[in-house]
Amino acid sequence: MILVMDVGNTNIVLGVYEGKELLHNWRLSTNRSATADEYGLMISNLFKHVQLDVSEISGVILSSVVPPLNHLMEEMCERYLGKNPFIVGPGLKTGLNIRYENPKEVGADRIVNAVAAIEQYGAPLIIVDFGTATTYDYIDEHGQYIGGAIAPGIGISTEALYQKAAKLPRIELSKPKSTVGRNTVASMQSGIIYGYVGQVDGIVSRICAETKLKPRVIATGGFAELIASESKTIEIVDPLLTLTGLRILYERNISS
Ligand SMILES: Nc1ncnc2c1ncn2[C@@H]1O[C@H](COP(=O)(O)OP(=O)(O)O)[C@@H](O)[C@H]1O
Ligand SMILES: CC(C)(COP(=O)(O)O)[C@@H](O)C(=O)NCCC(=O)O
Ligand SMILES: [K+]
């Protein structure tokens, strides 16, 4: 069994795989002030809850877009799991040709998503990940990572309305009955949800026009299902894309 971990700006997602099968997955909130011991305890407790013994974990792979947590998570793996984790970044073999101007600049989560999406769906591709930020990645017809777009995420955009406008409440993100909202909450839901649906379809159409190709469009992340249900361009929702990518990268590196 292996443990895969994706450290995002909002959540840390963990998965335990036996071969290709995902046996368990958990979500912790990302807390920049938690210590290696605190994360170690949380993971030990999750393992206990499903009667999983640490000794059954033969390896760990970790991707992070929160640099202050990189060293800490590595230390946690060594201390609580007795394993030196693979870390997605310079030095780890990805098999992905990254054509960003500075390949080191691409977020590790975007690379991991690209690896999983190419393997499962083939290139060319556009990947939309609704995380803290909404990221768009374009993979060309040769399976090369070219680049994409980064926009404010749905959660932080909604939060910004509440923080910056005195009369706007904190709302639950669910689909309103109509685009024309007739109260504050419905108006905000319309603006956020249909605004994002428009953003996705707009950016995807522009990438298609720019590349003169028709890439498949895969969505993942917290709000993928909600947006995909209204989007004209999202073809597949794969909530496990990042975990799958980590598993594939682990296999590529352990067997080399
Ligand atoms: N399974 C889920 N169901 C509903 N909302 C989710 C889910 N996962 C994440 N979210 C929400 O989506 C937003 C981004 O979370 P996440 O995708 O984990 O981002 P990151 O990868 O940046 O940490 C957060 O506001 C989170 O609460
Ligand atoms: C764009 C991101 C903030 C998205 O992170 P997330 O929303 O998953 O927490 C992350 O991939 C990142 O920090 N990227 C580095 C910049 C880049 O990819 O160009
Ligand atoms: K993410």
Side-chain angles (χ1 to χ4, degrees), residues 4-15 22 24-32 34 39 42 61-70 72-73 87-90 92 94 96-117 126-139 144-163 170-175 188-189 192-193 195-197 199-200 203 207 218-229 234 237-246 249:
V4 307
M5 273 194 284
D6 171 45
V7 180
N9 285 289
T10 306
N11 289 141
I12 299 175
V13 181
L14 302 122
L22 181 63
H24 307 287
N25 68 98
W26 301 288
R27 191 172 277 276
L28 302 174
S29 45
T30 304
N31 175 358
R32 283 165 187 72
Y39 282 118
M42 277 190 246
I61 184 164
L62 160 65
S63 69
S64 166
V65 291
V66 189
L69 290 182
N70 295 4
L72 189 143
M73 293 308 279
I87 296 174
V88 180
L92 195 90
T94 60
L96 185 65
N97 190 357
I98 302 171
R99 304 286 304 278
Y100 224 44
E101 282 174 10
N102 174 4
K104 287 200 200 82
E105 211 175 71
V106 189
D109 53 352
R110 304 177 74 186
I111 294 174
V112 172
N113 284 342
V115 165
I126 295 169
I127 304 155
V128 190
D129 187 335
F130 299 97
T132 309
T134 302
T135 52
Y136 297 81
D137 303 296
Y138 170 61
I139 314 297
Q144 305 185 104
Y145 184 95
I146 307 297
I150 301 173
I154 302 182
I156 60 176
S157 303
T158 309
E159 190 64 19
L161 284 179
Y162 161 75
Q163 293 283 349
R170 193 173 247 152
I171 59 162
E172 190 202 334
L173 269 178
S174 53
K175 229 184 279 177
M188 291 171 70
Q189 287 171 332
I192 295 279
I193 291 171
Y196 267 90
V197 168
Q199 179 191 102
V200 171
I203 290 184
I207 294 176
I218 319 296
T220 191
F223 301 104
E225 205 68 66
L226 180 66
I227 300 301
S229 66
I234 295 173
V237 175
D238 184 344
L240 299 178
L241 196 65
T242 316
L243 296 183
T244 305
L246 285 167
L249 284 177

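For ligands, and for the atoms within them, numbers begin at 1 and follow the listed sequence.
- The closest side-chain donor-acceptor pair between Ser157 and Tyr196 falls under 3.5 angstrom.
- At a 4.0 Å heavy-atom cut-off, ligand 2 touches Thr135 through the side chain alone.
- Closest heavy-atom approach to atom 16 (P) of ligand 1 among the candidates Arg27, Glu225, Glu159: Arg27.
- Close contacts between ligand 2 and Glu105 involve ligand atoms 15 (C), 16 (C), 17 (C), 18 (O), 19 (O) [criterion: under 4.0 Å to a heavy atom].
- Within ligand 1, counting atoms from 1 as listed, the ones closer than 4.0 Å to a heavy atom of Phe130 are 17 (O).
- Using a 4.0 Å cut-off to heavy atoms of Asn9, the atoms of ligand 2 that qualify are 3 (C), 5 (O), 6 (P), 9 (O).
- Summarising the geometry of Gly8 relative to Val66, their closest heavy-atom pair is O-CG2, 3.4 Å, with the distance given to 0.1 Å.
- Contact analysis puts Asn9 in contact with ligand 1, with a non-hydrogen atom separation below 4.0 angstrom.
- If you number the atoms of ligand 2 from 1 as listed, the ones under 4.0 Å from a heavy atom of Arg110 come out as 11 (O), 17 (C), 18 (O), 19 (O).
- Between Gly15 and Leu22 the shortest heavy-atom distance is CA-CD1, 3.9 Å.
- Within 6.0 Å of atom CD in Glu225, 12 or fewer heavy atoms from other residues, nucleotides or ligands are found, so the atom counts as exposed in its surroundings.
- The side chain of Phe223, and not its backbone, has at least one atom closer than 4.0 Å to an atom of ligand 1 (non-hydrogen atoms only; side chain from C-beta on).
- Geometrically, ligand 2 and Thr10 share no nitrogen or oxygen pair separated by less than 3.5 Å.
- Between Thr134 and Gly153, the shortest heavy-atom contact is OG1-CA, 3.6 Å.
- You'll find the side chain of Leu69 reaches within 4.5 Å of the side chain of Tyr39, heavy atoms only.
- Leu161 has its side chain out of reach of Ile171: every pair of non-hydrogen atoms, C-beta onward, lies at least 4.5 Å apart.
- Looking at Thr10 next to ligand 1, an N or O pair under 3.5 Å apart turns up.
- Near Gly107, with a cut-off below 4.0 Å to any heavy atom, the atoms of ligand 2 are 11 (O), 14 (N), 15 (C), 17 (C), 18 (O).
- Annotation: Ile150 places no N or O atom under 3.5 Å from an N or O atom of ligand 2; distance criterion only.
- Inspection of the Asp6 and Ser63 side chains reveals an N or O donor paired with an N or O acceptor under 3.5 Å.
- Heavy-atom proximity to Thr132, at under 4.0 Å, picks out these atoms of ligand 1: 14 (C), 19 (O), 20 (P), 22 (O), 23 (O).
- Of all atoms in ligand 2, listed by their number and element, those nearer than 4.0 Å to a heavy atom of Thr132 are 7 (O), 9 (O).
- Under 4.0 angstrom from ligand 2, the non-hydrogen atoms of Asp109 all belong to its side chain.
- Ligand 2 places these atoms under 4.0 Å from at least one heavy atom of Gly131: 7 (O).
- Comparing heavy-atom distances from atom 19 (O) of ligand 1 across Ser29, Gly131, Gly153 singles out Gly131 as nearest.
- The ligand atoms of ligand 2 that sit less than 4.0 angstrom from a heavy atom of Val106 are 18 (O).
- For ligand 2, the atoms lying closer than 4.0 Å to a non-hydrogen atom of Ala133 are 7 (O).
- The shortest heavy-atom contact between Leu246 and Leu62 is CD2-C, 4.4 Å.
- Side chains of Thr242 and Asn113: a donor-acceptor N/O pair is present below 3.5 angstrom, by distance only.
- Contact annotation: the side chain of Arg32 approaches that of Asn9 to within less than 4.5 Å [non-hydrogen atoms, C-beta and beyond].
- A 4.5 Å side-chain heavy-atom check between Arg110 and Tyr100 finds at least one atom pair inside the cut-off.
- Taking only nitrogen or oxygen atoms, main chain and side chain alike, Gly8 does not reach within less than 3.5 Å of ligand 2.
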